Q: 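A single structure is presented below for examination.
The first residue of the sequence shown is numbered 1, and numbering continues consecutively from there. What you are looking at is a predicted structure, and each value in this text was computed from that prediction instead of being measured.
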Amino acid sequence: MKRVEILAYAAGIVDGEGSIQITRTKRKDSRNGVALEFRVLVGNTKEWLCQWFKMQFGGSVSFWKPQKANWNPCYVWQVRGDKAVDFLNLILPYLQLKAEQANLGIQFQKEKKNKTEKSFVIREAQRILMRSMNKKTKV
């Protein structure tokens with residue numbers, strides 16, 4: 001595969017099977033014990049797909065045990081922080097459905113370098129906006 005084909009394929013998978021998130025995490029070194037983290041995930045029942053993402057773009061792969069008896073086991077590839085920004089900058093020209101989330105996540109990560117109270121409020125607002133963008137709507 002040519003590099004452009006790899007990037008377009010990865011963007012298609014992220015659009016269909018992926019998630020772009022800003023989440024709260026508990027950390028002792030953060031403000032009030034809460035830190036905000038930016039990450040990109042791809043979940044799939046095929047381990048090879050998640051390993052392919054890891055080989056192409058770095059990150060990590062983990063196993064997700066099903067919570068219900070009729071669910072299949074799943075593998076999750078993820079990349080966080082600045083590495084997530086690097087990944088999204090590569091695939092952004094090919095994203096169709098999640099380009100807005102990608103741009104918001106990139107803005108969030110840039111804002112994260114600013115440690116002011118105002119910046120913290122902006123990042124929390126970006127987290128809330130990302131959450132609303134990611135909500136599934138009933139058709």
Q: Side chains of W71 and W64: closer than 4.5 Å at any heavy-atom pair?
A: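 They are in contact (side-chain heavy atoms under 4.5 Å apart), so the answer is yes.
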Q: Are Q56 and I6 side-chain neighbours, meaning at least one heavy-atom pair lies under 4.5 Å?
A: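 Q56 reaches I6 side chain to side chain.
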Q: Does V42 belong to the same Ile/Leu/Val/Met/Phe/Trp/Tyr cluster as W48, with side-chain heavy atoms less than 4.5 Å apart forming each link?
A: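 Same cluster.
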Q: Start with the C-alpha distance between V76 and F63, add both sets of side-chain angles, then the distance that settles side-chain contact (heavy atoms from CB on, under 4.5 Å), and finish with yes or no.
A: CA-CA 6 Å; V76 178; F63 178 75; over 6 Å; no
Q: Heavy atoms, side chains only, cut-off 4.5 Å: are I13 and F53 in contact?
A: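 The answer is yes, as the side chains (C-beta and beyond) meet within the 4.5 Å cut-off.
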Q: So, N134 versus Q101: side-chain donor-acceptor pair below 3.5 Å or not?
A: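 Short answer, yes.
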Q: Should the pair E5-K2 be classified as a salt bridge under the 4.0 Å nitrogen-to-oxygen rule?
A: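 So E5 does not pair with K2 through a salt bridge.
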Q: Does any non-hydrogen side-chain atom of Q107 lie less than 4.5 Å from one of Q109?
A: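 Q109 does not reach Q107 side chain to side chain.
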Q: Kindly work out whether a path of hydrophobic side-chain contacts (I/L/V/M/F/W/Y, heavy atoms less than 4.5 Å apart) joins F57 to V4.
A: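 F57 and V4: one cluster.
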Q: Do you reckon F108 sits in the same ILVMFWY cluster as I91, going by side-chain contacts under 4.5 Å, direct or chained?
A: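 Looking at the clustering, I91 is in the same group as F108.
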Q: Find out whether T23 and T25 are in side-chain contact, i.e. whether some heavy atom of one side chain is under 4.5 Å from a heavy atom of the other.
A: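 When only atoms from C-beta onward are counted, T25 and T23 do touch, with a gap below 4.5 Å.
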Q: Please find the pair of heavy atoms, one from C50 and one from V61, that lie closest to each other, and give the distance.
A: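 C50 and V61 have their closest heavy atoms at O-CG2, 3.4 Å.
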Q: Is the closest basic N to carboxylate O distance between K54 and E47 below 4.0 Å?
A: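 Salt bridge: no.
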Q: Answer yes or no: is there an ion pair linking D82 with K110, defined by an N-O contact shorter than 4.0 Å?
A: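 Salt bridge absent between D82 and K110.
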Q: Quick one: does any side-chain atom of D15 pair with a main-chain N or O of L97 as donor and acceptor, under 3.5 Å?
A: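 Flag set: sc D15 to bb L97 pair under 3.5 Å.
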Q: Could you give the distance from CG (L104) to NZ (K98), rounded to the nearest 0.5 Å?
A: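 One finds 14.0 Å between CG of L104 and NZ of K98.
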Q: What distance separates I22 CD1 from K112 NZ, expressed to the nearest 0.5 Å?
A: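 If we round to the nearest 0.5 Å, I22:CD1 and K112:NZ are 9.5 Å apart.
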Q: Could you report the tightest heavy-atom contact between L95 and A11, atom names first, then the distance?
A: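 Looking at all heavy atoms of both residues, the shortest contact is CD2-O, 3.6 Å.
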Q: For E124, is the CD atom crowded, meaning more than 12 foreign heavy atoms sit under 6.0 Å from it?
A: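 Enclosed: over 12 neighbouring heavy atoms sit under 6.0 Å from CD of E124.
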Q: What distance do L36 atom CG and F120 atom CZ have between them, rounded to the nearest 0.5 Å?
A: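 Reported value, rounded in 0.5 Å steps: 5.5 Å.
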Q: Heavy atoms, side chains only, cut-off 4.5 Å: are V14 and F87 in contact?
A: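 Yes, side chains in contact.
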Q: Restricting to non-hydrogen atoms, name the atom on W77 and the atom on G59 that form the minimum distance, rounded to 0.1 Å.
A: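 Smallest heavy-atom distance, with atoms named: NE1-CA, 4.0 Å.
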Q: Mind checking side chain to side chain contact (heavy atoms under 4.5 Å, CB included) for S119 and listing every partner two or more places apart, or none if nothing turns up?
A: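 Result, side chain to side chain contact (heavy atoms under 4.5 Å, CB included) vs S119: E111, N114, T116, R123.
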Q: Side-chain contact, heavy-atom cut-off 4.5 Å: L92 with N103?
A: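 With C-beta onward as the side chain, the pair touches.
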Q: Any chance you could lay out the side-chain contact (heavy atoms from CB on, under 4.5 Å) test for Q67 and K65, step after step, and finish with the verdict?
A: CA-CA 6 Å; Q67 296 175 336; K65 186 177 178 182; over 6 Å; no
Q: Starting at CD1 of I20, measure out to CZ of F38 and round the result to the nearest 0.5 Å.
A: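 With rounding to 0.5 Å, CD1 (I20) is 6.5 Å from CZ (F38).
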Q: To the nearest 0.5 angstrom, please state how far the CD atom of Q51 sits from the CG atom of N44.
A: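 Rounded to the nearest 0.5 Å, the CD-CG separation comes out at 12.0 Å.
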Q: Within the structure provided, determine whether M1 and Y9 are in side-chain contact (heavy-atom separation under 4.5 Å).
A: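 When only atoms from C-beta onward are counted, Y9 and M1 do touch, with a gap below 4.5 Å.
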Q: Do S19 and Q21 meet the criterion of a side-chain donor-acceptor pair at a distance under 3.5 Å?
A: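 Side-chain D/A pair, S19 to Q21: present.
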Q: In terms of hydrophobic clusters joined by side-chain contacts under 4.5 Å, are M130 and L41 together?
A: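 No, it is not one cluster - the side chains of M130 and L41 are not joined through contacts under 4.5 Å.
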Q: How long is the gap from CD1 on I128 to CE on M133, to the nearest 0.5 Å?
A: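 Between atom CD1 of I128 and atom CE of M133 there are 14.0 Å.
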